[in-house]
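Order of appearance sets the numbers: ligands from 1, and atoms from 1 within every ligand. Only heavy atoms go into these numbers, but all of them, side chains included; no hydrogens, no water, no symmetry mates.
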Amino acid sequence: MRISVVGTGYVGLVGAVGFAEKGHEVVCVDIDAAKVDAINAGRSPIHEVGLEELLQSNIGGNLRASTDLSDAVLNSELSLIAVGTPFDGERIDLSYIRDVSRQIGEVLASKDSYHVVVVKSTVVPGTTDDVVLPILEEASGKEAGKDFGVGMNPEFLREGDAVDDFMNPDRIVLGGIDDRTRDVLATAYASFGCAEIVRTSNKTAELIKYTANSLLATMISFSNEIANLCTAVGDVDVVDVMRGVHLDKRLTPVNGDGRRVWPGFVSYLESGCGFGGSCFPKDVKALISHGESLGEPMALLKSVIEINNAQPRKVIDLLDKHFSSLDGVRIAVLGLAFKPGTDDMRESPAISIVKELIARNADLSAFDPVAREEAEKLFEADRIRYGDTVAETIEGADALIILTRWDLFGSLPGLLSERAEQPLVIDARRMLDSSSTARYDGIGYPAG
Ligand code: UGA
């Protein structure tokens, strides 16, 4: 099948490369000529595990990039809209979606054969039917359902695992105004193995995406609220509480052979210093304001955001518990990215924590295996020393704070065991065994 993908960001490029790998003839379109040139030269403008290799094996074969949207639409049967939806703190901005819909509509005016236009960007319920479809009709002078189809196909890609998530999906949601639209989309996904297919309306498809992310974000804030309660109750460790909860066989079923299965989502039920990234905070806030605009109070999701906004502060509270002033205290920040496996610092809890520590005049060193460059853009250069290794970064520190669950921080107890002076370890991700270091404290830990 011939597919055009408009927008070569994270969703668009991974999708374009993935569909090409599955044997479709794909052209990806972007207004940024430098990006298009890079893609055609086999260089990925974004970093995702396995993406560049897959791009290189398809470019010049099943895949090409172009700035010519008209040519791409005329020479394909299916167009996927994967442009950005910038967020102003409350609502998503649909201007790129509108612009691209209009341009595609104008091309459809002179296209004789049936074409399907599908929104892949994350958009609030109603956007595809009430914004994209009317623009397509107006710009083309044609009728949706007769001359062209309009669909919505959300993406469930995790940063750092995007290629694998695309190639091996757990579900494929095919939204559309009619069966003809969904059938065309289904053809694009025909060779994606045994993933469950959900055939539905555009609005439902849009809401599935937001609901999925809101649920995971809710689980994180729920666990963090319980962690904060453990601290208030005293003498209770949230790790023990959550272990007792996780062992419910409805959460972690026990196999016929007696072994317990730990589904991936259980890790969203662990406490920490809060969620970040480009999706959860933005998606939950966009859904709240959309719900409110429809008269729904969205009380639960508002609390999810409130708890998350307050959670980084708990790390500062823990430091305040141990030091009468942070002025001149040598603090090593371990982890800056919003999660392990990425250099992305968007909405990372580390941002507000480091800024507060700078304001409190702490003497800061920091280490992240990949996010240092991003951090250097965010913080004043003369206020943080970046270490090249964990050992170097914690040298002489009075306190260490673990802000990202990078596996290599598991080496800390070993590194610390050789030292005479033991620093305080504040484990804001609860990833270390609490007895593995001499002076341990953390989110939801009952240290006196
Ligand atoms: C998230 C969703 O997981 C994807 O399914 C979705 O497609 C994507 O948003 C999107 O909307 O594009 P992502 O933001 O890459 O993907 O991140 P996750 O790996 O889910 O992490 C989000 C937050 O959850 C992070 O703050 C992370 O620390 C936390 N997390 C992640 C956990 O608490 N436990 C985990 O096991 C994984």
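- With a 4.0 Å cut-off on non-hydrogen atoms, Lys209 touches ligand 1 through its side chain and not its backbone.
- In this structure, Tyr189 has its ring center under 6.0 Å from that of Phe19.
- In Asn213, the part holding a heavy atom less than 4.0 Å from any atom of ligand 1 is the side chain.
- Checked against a 3.5 angstrom limit, the closest N/O atoms of Leu157 and ligand 1 fall inside it.
- Heavy atoms only, all atoms of each residue included: His246 and Leu251 are closest at O-CB, 3.8 Å.
- Only the side chain of Ile220 comes within 4.0 Å of ligand 1, counting heavy atoms alone; its backbone N, CA, C and O stay farther away.
- Among all heavy-atom pairs drawn from Tyr440 and Asp427, the shortest one is OH-OD2, 2.7 Å.
- Val233 approaches Val236 most closely through the heavy-atom pair CG1-CG2, 3.9 Å.
- Not one N or O on the side chain of Ser214 forms a donor-acceptor pair closer than 3.5 Å with the backbone of Thr211.
- Not a single heavy atom of Thr122 sits closer than 4.0 Å to an atom of ligand 1.
- When hydrogens are left out, the protein atom nearest atom 10 (C) of ligand 1 is Cys279 SG, 2.9 Å; that is the closest non-hydrogen contact.
- In the vicinity of Glu155, heavy-atom distances shorter than 4.0 Å reach the ligand 1 atoms 7 (O).
- The two residues Leu336 and Ala375 make their nearest non-hydrogen contact at CD1-CB, 3.7 Å.
- When Gly264, Ser267, Ser271 are checked for heavy-atom proximity to atom 36 (O) of ligand 1, Ser267 turns out nearest.
- Contacts of Phe280 with ligand 1, taken as heavy-atom pairs under 4.0 Å, involve the side chain alone.
- Ligand 1 has an N or O atom lying under 3.5 Å from an N or O atom of Tyr268, backbone or side chain.
- The closest approach between a heavy atom of Gly277 and any atom of ligand 1 is not below 4.0 Å.
- Contacts of Asp283 with ligand 1, taken as heavy-atom pairs under 4.0 Å, involve the side chain alone.
- Separation of atoms NZ (Lys302) and CD1 (Ile288) is listed at 7.5 Å; rounding is to 0.5 Å.
- Shown in contact with Gly276 at under 4.0 Å from a heavy atom are these atoms of ligand 1, numbered in order with element: 26 (O).
- Considering both main-chain and side-chain atoms, Tyr10 never comes within under 3.5 Å of ligand 1 through any nitrogen or oxygen pair.
- Between Gly387 and Phe367 the shortest heavy-atom distance is O-CD1, 3.4 Å.
- For ligand 1, the atoms sitting less than 4.0 Å from at least one non-hydrogen atom of Glu159 are 15 (O), numbered in the order shown with element in parentheses.
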Thr128 and Glu206: CA distance, side-chain angles, deciding distance, side chain to side chain donor-acceptor pair (under 3.5 Å) verdict: CA-CA 8 Å; Thr128 305; Glu206 289 160 336; 2.5 Å; yes

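- In this structure, Arg346 contributes its side chain and Gly276 its backbone to no donor-acceptor pair below 3.5 Å.
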